[in-house]
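A short worksheet on the structure shown next.
Count residues from 1 along the sequence. Keep in mind that the numbers below use all heavy atoms, side chains included, and drop hydrogens, waters and symmetry copies.
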Amino acid sequence: MSQENDEQTTVTESSVLVRRSPRYFRFMLVGAILFAIVALILTFAFPANPTYDRGSVFGFLLAIGVAVGVTIGAVVALLVDRATNRRARTVQADRIDVRVTLGEQPAEKPAERPADGSAPGTSTSIES
């Protein structure tokens, strides 16, 4: 039994824009970490307040610092993205589509169902 495969190949040229883009999550993570360190430094840079302990001051500064750091990191990533957009270049690319058509295949016999109504190829057993 022989099978014949017909292969049809189509090549299409198109121009594509190639550019680099920053990883936004990494910029926001670095901003959050830097401002967390700044919050830690600011907590111990000033004299202790008798009303609030250093832990609560650090927590407050950390919450604000991480939010500011993530925002500044995202803005920096956007600025870097705009700067790298200027260096984008257009190149020619080939798109290759391959379609394979299979020849005639022999028809398979349908599997017979067992008398108990279970699926073919399965077995049931009752242990006592």
Side-chain angles (χ1 to χ4, degrees):
M1 295 184 194
S2 65
Q3 290 183 349
E4 293 182 19
N5 294 339
D6 294 331
E7 193 172 282
Q8 183 181 12
T9 305
T10 307
V11 178
T12 309
E13 277 193 22
S14 63
S15 52
V16 293
L17 184 69
V18 178
R19 69 181 187 98
R20 296 186 63 155
S21 64
R23 306 270 182 167
Y24 288 93
F25 179 74
R26 291 182 183 173
F27 274 85
M28 292 187 289
L29 183 65
V30 167
I33 290 171
L34 285 177
F35 276 82
I37 293 170
V38 168
L40 183 66
I41 291 171
L42 287 176
T43 300
F44 292 104
F46 295 105
N49 188 344
T51 310
Y52 303 107
D53 64 336
R54 290 193 190 265
S56 60
V57 171
F58 176 66
F60 182 70
L61 288 176
L62 183 67
I64 292 173
V66 167
V68 170
V70 167
T71 304
I72 290 176
V75 169
V76 169
L78 284 171
L79 293 175
V80 169
D81 189 29
R82 293 287 173 124
T84 58
N85 200 15
R86 294 179 189 155
R87 292 191 217 159
R89 52 193 162 136
T90 305
V91 296
Q92 289 297 104
D94 293 335
R95 178 183 174 144
I96 302 173
D97 290 325
V98 178
R99 297 189 188 265
V100 177
T101 307
L102 299 176
E104 287 188 34
Q105 297 178 355
E108 294 182 21
K109 292 190 335 186
E112 296 180 17
R113 286 187 91 69
D116 64 355
S118 63
T122 61
S123 63
T124 57
S125 64
I126 301 175
E127 296 181 19
S128 37

Side-chain donor-acceptor contacts of residues 31-50 below 3.5 Å, not counting sequence neighbours, with atom names and distances?
from	atom 1	to	atom 2	distance (Å)
T43	OG1	A39	O	2.7
N49	OD1	T51	N	3.1

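- Under a cut-off of 6.0 angstrom, the local environment of CD in Q92 is crowded, with over 12 non-hydrogen atoms contributed by other residues, nucleotides or ligands.
- Evaluation of the salt bridge (Lys or Arg N to Asp or Glu O under 4.0 Å) rule for R19 yields D81 as partners, not counting sequence neighbours.
- Checked against salt bridge (Lys or Arg N to Asp or Glu O under 4.0 Å), D53 has no partners two or more places apart in sequence or in another chain.
- Atom CG of L62 and atom OG of S56 lie 12.5 Å apart (nearest 0.5 Å).
- The side chain to side chain contact (heavy atoms under 4.5 Å, CB included) test applied to V75 returns L79, not counting sequence neighbours.
- Criterion: ILVMFWY side-chain heavy atoms under 4.5 Å apart, direct or through other members. Under it, V66 and F58 are part of a common hydrophobic cluster.
- Looking only at distances, no side-chain donor or acceptor of T90 sits under 3.5 Å from a matching main-chain atom of S15.
- Distance check: T71 OG1 to M28 CE gives 9.5 Å after rounding to the nearest 0.5 Å.
- In the hydrophobic clustering of this structure, V68 groups with V76; members are Ile, Leu, Val, Met, Phe, Trp, Tyr whose side-chain heavy atoms approach within less than 4.5 Å, directly or through other members.
- Sorted by first and then second residue, the salt bridge (charged side-chain N to carboxylate O under 4.0 Å, His left out) pairs with a member in residues 26-48 form an empty list; sequence neighbours excluded.
- L61 and V70 are not part of a single hydrophobic cluster, where members link through side-chain heavy atoms under 4.5 Å apart.
- With sequence neighbours excluded, the residues satisfying salt bridge (Lys or Arg N to Asp or Glu O under 4.0 Å) with D97 are R95.
- Across all their heavy atoms, P22 and A77 have their closest contact at CG-O, 3.4 Å.
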